[in-house]
Protein chains: 2
Amino acid sequence: MYSPRMTASSTSERLIEATRELLWERGYVGTSPKAIQQAAGAGQGSMYHHFTGKPDLALAAIRRTAGELRAAAERILGGEGSAYARIEAYLLREREVLRGCPVGRLTMDPDVIADAELRAPVDETLDWLRGRLADVVREGLDSGELSGPLRPEELAATVVATVQGGYVLARAAGSPAAFDTAVRGLLALLAPRTR
Amino acid sequence: MYSPRMTASSTSERLIEATRELLWERGYVGTSPKAIQQAAGAGQGSMYHHFTGKPDLALAAIRRTAGELRAAAERILGGEGSAYARIEAYLLREREVLRGCPVGRLTMDPDVIADAELRAPVDETLDWLRGRLADVVREGLDSGELSGPLRPEELAATVVATVQGGYVLARAAGSPAAFDTAVRGLLALLAPRTR
DNA sequence: GTCTATAGCGCGATAGAC
DNA sequence: GTCTATCGCGCTATAGAC
């Protein structure tokens, strides 16, 4: 099947990218079509030509953001190193802490949660992440690298929750330090379970 | 100093309570003065008589919510039982998980984070909570109940982050189960550190 | 203290010319 | 595909009567 050459910044492309930025910064409720159009350098007509409305455009933006988050996590969790090393690498990975998680933050958006179609990619992404981390934990238990009565699904949820909650602490404090502190606390609990 | 009798539901009281509910449900950006007035059964004029505007009313609401969260946490953390038992009780305490944390959710509100006065009570509350949990951890270490190279401030941050992140997972999934899973994972990591 | 009236502006979307 | 014009409505206030 022939795939037409995609111009790197077609109007529809710029609209999606602008929406991704604004959703991350201000959330769904706080993002207006007008703001998107201005950020994208597109007119009212263009936006409504390419998308049926704000929810449609947001869906495209959320799906792309979710896909990128997944790819970034997979690069680490499917990479080199022991199970513990990969979990540690995931926790210590460079992040723009004060911006928060572009996917997780959407869970606090009432209009996203109320719309099954908008919530789905958020749900699927965090669910996938938990499952993928559980895989790694299972791997570590099987190889004997991790020990103790650890339940993979539980530990995976704790890891994701610590990251998501770390963003909350950091944004409250206006400093990334609280995020790092929470992560170090989790690693301190986890480290003794390795051999 | 004489304290005048506070009528349980004066107009200003109802406005604050309505604002608290709406901030919890929809956040600051998603809450309009009009919606507040309708929920409180108060007119436009009443609201602007008692408060200078939306930020002023939100500040009163946030401060009260922060105070209540603090009091609820203190009832558990300052209560009976061993250090571990109190941390466990804090984690397992009944919560309206799908509503999220009425304080933590505000960190995703761009207009709250941008306004130092609105952010202050959020910051102070989460900061106090971390400190209070660190006290309990320290107590446990001093008494020998908790062992290992645990840093109180780190563990405290991890506990708060797990709770805050647990809300994110639960809201994404549309079910409280993910919150409970994350909490159980943390308790499983913590339990072996007790004697 | 509470009410209604009014304001200026932005929201989210539609219509139709080009 | 993109533009401008227009729509009905809600936002956050202000003004001033009662």
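Atom set for the values below is all heavy atoms of this structure, side chains included, hydrogens, waters and symmetry mates excluded. So that the names make sense, note that chain A is the first sequence line, chain B the second, and so on, each numbered from 1.
In this structure, B:L15 atom CG and C:dT2 atom P are separated by 9 Å, rounded to whole Å. Here the P atom of nucleotide D:dC18 and the NE2 atom of B:H49 are 19 Å apart, to the nearest Å. Separating the CZ atom of A:F51 from the C1' atom of D:dG1 is a distance of 13 Å, rounded to the nearest angstrom. Atoms CG (B:D111) and P (D:dT12) sit 10 Å apart, rounded to a whole Å. In this structure, A:R14 places its CZ atom 12 Å from C1' of D:dG1, rounding to the nearest Å. In this structure, the CD atom of A:Q38 is 14 Å from the C1' atom of C:dG12, given to the nearest Å. The nearest whole Å value for the distance from the NZ atom in B:K34 to the P atom in D:dT12 is 11 Å. Separating the CD atom of A:E13 from the P atom of D:dG1 is a distance of 14 Å, rounded to the nearest angstrom.
Every residue meeting the side-chain hydrogen bond (donor to acceptor under 3.5 Å, both in side chains) condition with A:R184, not counting sequence neighbours, appears here in chain and number order: B:E154. Qualifying side-chain contact (heavy atoms from CB on, under 4.5 Å) partners for B:R130, counting only residues two or more places apart in sequence or in other chains: A:L169, A:A178, B:D127, B:A157, B:V160. Every residue was checked against the side-chain contact (heavy atoms from CB on, under 4.5 Å) condition with B:S147, not counting sequence neighbours, and none meets it.
Applying the side-chain hydrogen bond (donor to acceptor under 3.5 Å, both in side chains) test to every pair with at least one member in residues 66-79 of chain B, sequence neighbours left out, gives these pairs: B:R20-B:E68, B:E74-B:R132. Sorted by first and then second residue, the pairs that involve residues 87-102 of chain A and meet side-chain hydrogen bond (donor to acceptor under 3.5 Å, both in side chains), not counting sequence neighbours, are A:E21-A:R99, A:R95-A:Y167.
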Produce the list of close N/O pairs, under 3.5 Å, pairing protein atoms with atoms of nucleotides 13-17 of chain C; give distances to one decimal.
unit_1, atom_1, unit_2, atom_2, d
C:dA13, OP2, A:Y48, OH, 3.1
C:dA13, OP2, A:K54, N, 3.1
C:dA13, N7, A:Q44, NE2, 2.9
C:dA13, N6, A:Q44, NE2, 2.5

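Checking D:dC11, C:dG12, C:dT2 against every side-chain atom of A:S32, the shortest atom distance belongs to C:dG12.
Between B:E124 and B:R63 no salt bridge is recorded (no basic side-chain N to carboxylate O distance below 4.0 Å).
Regarding contacts with the backbone of D:dG1, every side-chain N or O of A:T11 stays at 4.0 angstrom or more from both OP1 and OP2.
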